[in-house]
Student: 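Before we start, here is the structure in question, set down as structure tokens.
Reminder, nothing fancy here: chain letters follow the sequence lines and each chain counts from 1. Predicted model only: the values in this text are computed from it and were never measured.
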There are 2 protein chains.
Amino acid sequence: MSEFNLLFKALNIVEEDLKAEIIQCGVVQTVPKHSYIVEQDKYIKWLAIVISGKVRVWQENEDRQILLYYVNPIETCVLSLSATFRDCKSVVNAKTVEETTIIKLPVRVVTAWSFKYKSWNKFTTESFIFSYEDLLHSYKNLAFNKIDKRVLDYLHTYAKKNKSLSIPLSHSQLAKEIGTTREVISKILKQFELSGLVNLKIKQIELL
Amino acid sequence: MSEFNLLFKALNIVEEDLKAEIIQCGVVQTVPKHSYIVEQDKYIKWLAIVISGKVRVWQENEDRQILLYYVNPIETCVLSLSATFRDCKSVVNAKTVEETTIIKLPVRVVTAWSFKYKSWNKFTTESFIFSYEDLLHSYKNLAFNKIDKRVLDYLHTYAKKNKSLSIPLSHSQLAKEIGTTREVISKILKQFELSGLVNLKIKQIELL
DNA sequence: AAAAACTGGTACCTTTTGTTACAGCTGAAA
DNA sequence: TTTCAGCTGTAACAAAAGGTACCAGTTTTT
């Protein structure tokens, strides 16, 4: 099935006019792994919807990072979605984790769709709601939980989303997800191992 | 001017049908200070829009709190807005700071408006975008800044929003906004005073 | 006016988190 | 095979933040 048809099906887009508009102005693009999709402080000109692959979205401050979320197939980054309503610079970075196919839609064209097409309205609304709740959850987690709890949460969430108890991350990668340093992660993982919570291998953490 | 007309004007609601619907199902209510508008884990049945007064929205965990945002006149709480699209329990608390007049709209009725009325679509979209960016800013702040910086940020933001260099909060109230304890705030404010950044009085912090 | 509750100041200690420094290990490239 | 960069482990130390305790004003309630 073509990328467009995948998109139509996943978002329940039935309006022929909308389909035509998307096909007309949409650009299918396959991006190699570890490529930037958006960069902090740069203007967002395209709304990108991930068809296959995965995109990591995070914030930076000096040498620290903190994960915001991953964009999975048939999702879009909320922040580029806001950009479709209001020209603005990105306050985040987004980079492909693996080879990723996206459909790019020019921001200016998309703006009107949310009122014109019911399916698009639903898509944007749900994206906003889901993303807001997700961020809220992260905020609460960050505000009230110590790092070890946050690490454990992260591992469990990762396992759940990927349906695998094996998390293929190095200590320093994990540190960047959580917003701390490698040494702290090493210490915590070691404690987890001693408590029998995990098995540690190189670039691999196995939940027990 | 009636509360409804204030609302129509502020949100640029021109559709007569929408005005009629709002007037028909909306309830104007004046709530005394320090009253709960929504409570954690309870279902949201009304979308509340603040007409005058102020509502504080926060999250709790054991004896700690952290401020999410204030809802000011002609704003609505995003979270109750999401509830209009999807029945859900509140994950936050909201309480009036002062006597507050709100217009309550039953969640079930509002759902369809965002596609039916352009002005309502704009209102919801802008609420989502604004709130998301606001939360994102708080998240970054929490992730990367130490408490003293966050306190200073809070004071400056407060001063800016209220157009007054005088912040009428006790140390323990401020602690609850930031998500820490009274002693920590006392220590930090004392340092600020010694550095000549603020003047301290009882229940009053003056930015210099 | 007396009592109670709230507010602020401070000292001391603990826990949590971060930093520095170094050593051993692993896997891929030359 | 050697080499080297990246990964992991760990110890010692430093800084940030939180907890406890107690005291002294101030405001509110009784």
Side-chain angles (χ1 to χ4, degrees), chain A residues 33-34 60-67 97 139-155 166-207, chain B residues 33-34 60-67 97 139-155 166-207:
Chain A
K33 71 155 100 167
H34 302 317
E60 272 187 15
N61 189 272
E62 288 157 29
D63 59 338
R64 291 285 176 85
Q65 299 190 353
I66 192 160
L67 175 71
V97 176
Y139 187 63
K140 188 171 182 178
N141 198 12
L142 183 57
F144 297 124
N145 291 333
K146 289 178 191 154
I147 293 187
D148 54 352
K149 175 85 161 59
R150 286 171 48 216
V151 169
L152 206 54
D153 273 8
Y154 181 91
L155 296 177
S166 196
I167 295 109
L169 292 176
S170 72
H171 293 187
S172 49
Q173 283 174 314
L174 185 48
K176 288 190 174 178
E177 302 287 87
I178 305 284
T180 181
T181 59
R182 201 267 310 165
E183 291 81 352
V184 172
I185 294 291
S186 289
K187 241 184 277 186
I188 288 172
L189 286 180
K190 204 67 201 169
Q191 286 169 9
F192 286 172
E193 193 180 38
L194 293 175
S195 321
L197 287 172
V198 299
N199 264 344
L200 300 181
K201 296 179 186 166
I202 282 215
K203 285 210 212 190
Q204 187 101 345
I205 303 156
E206 286 184 0
L207 280 169
Chain B
K33 69 154 101 168
H34 303 315
E60 272 188 14
N61 189 273
E62 288 157 28
D63 58 339
R64 290 286 175 84
Q65 299 190 352
I66 191 160
L67 175 70
V97 177
Y139 188 64
K140 188 172 182 179
N141 197 13
L142 184 56
F144 297 124
N145 291 332
K146 288 178 193 153
I147 294 187
D148 54 352
K149 176 84 161 58
R150 287 171 48 216
V151 169
L152 207 53
D153 273 9
Y154 180 91
L155 296 177
S166 197
I167 295 109
L169 293 176
S170 72
H171 293 191
S172 48
Q173 282 175 315
L174 186 48
K176 289 191 172 177
E177 302 288 85
I178 304 283
T180 181
T181 58
R182 201 266 310 163
E183 291 81 351
V184 172
I185 294 291
S186 289
K187 244 185 272 186
I188 288 172
L189 286 179
K190 204 67 204 170
Q191 285 169 11
F192 286 172
E193 192 179 38
L194 292 174
S195 320
L197 288 171
V198 299
N199 265 343
L200 299 180
K201 297 178 186 167
I202 281 212
K203 285 210 212 189
Q204 187 101 342
I205 303 157
E206 287 184 359
L207 279 169

Student: If you round to the nearest 0.5 Å, how far is CG of B:L152 from CD1 of B:I147?
Tutor: 13.5 Å
Student: Using atom NZ of B:K146 as one end and atom C1' of C:dT19 as the other, report the distance to the nearest whole Å.
Tutor: 11 Å
Student: If I compare all heavy atoms of B:F144 with all of A:Q65, which pair ends up nearest, and what's the gap?
Tutor: CZ-C, 3.9 Å
Student: Can you identify which nucleotide, out of D:dC7, C:dT19, D:dA17, has its nearest atom closest to the A:T181 side chain?
Tutor: C:dT19
Student: Calculate the interatomic distance between B:I185 atom CD1 and D:dA17 atom P; express it in whole Å.
Tutor: 11 Å
Student: Rounded to the nearest Å, what distance is computed from the CG atom of residue A:L194 to the C1' atom of nucleotide D:dG9?
Tutor: 12 Å
Student: Hey, which of these two, B:D148 or A:E193, hits DNA chain D nearer its 5' end, going by closest nucleotide?
Tutor: A:E193
Student: From C:dT10, D:dC7, D:dG19, pick the nucleotide closest to the side chain of B:K190?
Tutor: C:dT10
Student: Using the closest heavy atom to pick a nucleotide of DNA chain C for each, name whichever of B:Q173 or B:K187 lands nearer the 5' end.
Tutor: B:Q173
Student: In whole Å, what is the span from the CG atom of B:N145 to the P atom of D:dA17?
Tutor: 10 Å
Student: Taking all heavy atoms of A:N61 and all of B:K140, pick out the closest pair and write down the distance.
Tutor: ND2-CE, 4.5 Å
Student: Nearest of C:dT17, D:dG9, C:dG8 to any side-chain atom of A:I147?
Tutor: C:dT17
Student: I would like to know whether A:R64 and A:T181 meet side-chain contact (heavy atoms from CB on, under 4.5 Å); could you show each step before the answer?
Tutor: CA-CA 8 Å; A:R64 291 285 176 85; A:T181 59; 3.5 Å; yes
Student: If I take atom CG in residue B:L174 and atom P in nucleotide C:dC6, what distance separates them, rounded to the nearest angstrom?
Tutor: 18 Å
Student: Can you check the A:I202 CD1 to D:dA5 P distance for me, whole Å?
Tutor: 17 Å
Student: In whole angstrom, what separates B:L169's CG from C:dC6's P?
Tutor: 17 Å
Student: Just checking A:L189: base, sugar-phosphate only, or nothing, at a heavy-atom cut-off of under 4.0 Å?
Tutor: nothing
Student: Using whole Å, report how far CD of B:E183 lies from P of C:dC6.
Tutor: 15 Å
Student: Has A:H171 got a side-chain N or O lying under 4.0 Å from the OP1 or OP2 atom of D:dG9?
Tutor: yes
Student: Can you check whether any acceptor in the base of D:dG9 is under 3.5 Å from a donor in the side chain of A:R182, or vice versa?
Tutor: yes
Student: Keeping the roles fixed (side chain from B:R150, backbone from B:I178), state whether a donor-acceptor pair exists under 3.5 Å.
Tutor: yes
Student: When you measure from the side-chain N and O atoms of B:T180 to the phosphate of D:dG18, is any distance below 4.0 Å, counting only OP1 and OP2?
Tutor: yes
